[in-house]
**Q** 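Please see the structure below; I have some questions.
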Amino acid sequence: MKTSKERQRKRTIPHVFGNDRLEELLWNLLDDRDPQLRAYVYRIHDDRKDDALYIGPPYIGPPFHSLIAWLRDEHGGGKFQIIIRRGKRIELSGIIGIAAPIVSRNPR
């Protein structure tokens, strides 16, 4: 007989980009200046979350519109899980994939 832990289904985390509703919600939340918003961003390696790269206030700051560019430029892109909460309520939880920054090669 299986225990309740064995019967639990593994929850699939949705991909944000490619899902119009989630993508619009992400951009709206990144523009929202509500002081109750908290963002958590984790790099994903081998389908497991690493330590948090970004935690919103009171630690670093609120979610910000250039968060995606920051992940691309400062962290080299990749696969990330993003969670945005308003107080105790989760507003968005999903996976975002960001291409590595383009490196310009100017032969001189």
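Residues take their numbers from the sequence shown, with the count starting at 1. Keep in mind that what you see is a predicted model, and the values were worked out from it rather than measured.
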**Q** If hydrophobic clusters are built from ILVMFWY residues whose side chains come within less than 4.5 Å, do Phe64 and Leu25 share one?
**A** yes

**Q** Report the C-alpha distance between Ile83 and Tyr42 in whole Å, list the side-chain angles of each, state the deciding distance to 0.1 Å, and finish with yes or no for side-chain contact (heavy atoms from CB on, under 4.5 Å).
**A** CA-CA 9 Å; Ile83 300 168; Tyr42 305 89; 4.1 Å; yes

**Q** Does the side chain of Asp34 come within less than 4.5 Å of Arg86's, by heavy atoms?
**A** yes

**Q** First locate atom CD of Glu91, then atom CG of Asn28, and finally report the distance between them rounded to the nearest 0.5 Å.
**A** 11.0 Å

**Q** Using a strict cut-off of less than 4.0 Å between a Lys/Arg side-chain nitrogen and an Asp/Glu carboxylate oxygen, indicate whether Asp47 and Lys79 qualify as a salt bridge.
**A** yes

**Q** Identify the heavy atoms of Pro101 and Gly77 that sit nearest to each other, and give their distance.
**A** CD-N, 4.4 Å

**Q** Is there a continuous path of hydrophobic side-chain contacts, each under 4.5 Å between heavy atoms, that joins Ile95 to Val16?
**A** no

**Q** Under the rule for ring-ring contact (aromatic ring centres under 6.0 Å, His included), what residues qualify as partners of His15, not counting sequence neighbours?
**A** none

**Q** Under the criterion ring pair (Phe, Tyr, Trp, His ring centres under 6.0 Å), I'd like the reasoning laid out for Tyr40 against Phe80: C-alpha separation, chi angles, the key distance, then a yes or no.
**A** CA-CA 10 Å; Tyr40 306 84; Phe80 303 91; over 10 Å; no

**Q** Check whether any side-chain heavy atom of Ile82 lies under 4.5 Å from a side-chain heavy atom of Ser93, and answer yes or no.
**A** no

**Q** Checking side chain to side chain contact (heavy atoms under 4.5 Å, CB included) against Arg72, which of Ile98, Leu67, Ile102 comes through?
**A** Ile98

**Q** Just how far is it from atom CD1 of Ile90 to atom CZ of Arg38, taken to the nearest 0.5 Å?
**A** 14.0 Å

**Q** Under the side-chain contact (heavy atoms from CB on, under 4.5 Å) rule, what do Gln81 and Ile13 come out as? Steps first, then yes or no, please.
**A** CA-CA 9 Å; Gln81 179 177 4; Ile13 302 169; 3.6 Å; yes

**Q** Within the distance-only criterion (no hydrogens, no angle test), does the side chain of Asp46 pair as donor or acceptor with the backbone N or O of Arg48 below 3.5 angstrom?
**A** no

**Q** I'd like to check Arg43 versus His75 (side-chain heavy atoms, cut-off strictly below 4.5 Å). Are they in contact?
**A** yes

**Q** What is the distance from atom CG of Asn19 to atom CG of Leu26, rounded to the nearest 0.5 Å?
**A** 11.0 Å

**Q** So which atom in His65 and which in Asp31 form the shortest heavy-atom distance, rounded to 0.1 Å?
**A** ND1-OD1, 2.7 Å

**Q** Using atom types as modelled and distance alone, determine if a side-chain donor or acceptor of Arg85 lies under 3.5 Å from a backbone N or O of Lys88.
**A** yes

**Q** With side chains defined as the heavy atoms from C-beta onward, is the minimum distance between Leu71 and Ile96 less than 4.5 Å?
**A** yes

**Q** Indicate, with yes or no, if Leu30 and Leu53 share a hydrophobic cluster defined by side-chain heavy-atom contacts under 4.5 Å among Ile, Leu, Val, Met, Phe, Trp and Tyr.
**A** yes

**Q** Are side-chain heavy atoms of Leu37 and Ile84 found at a separation under 4.5 Å?
**A** yes

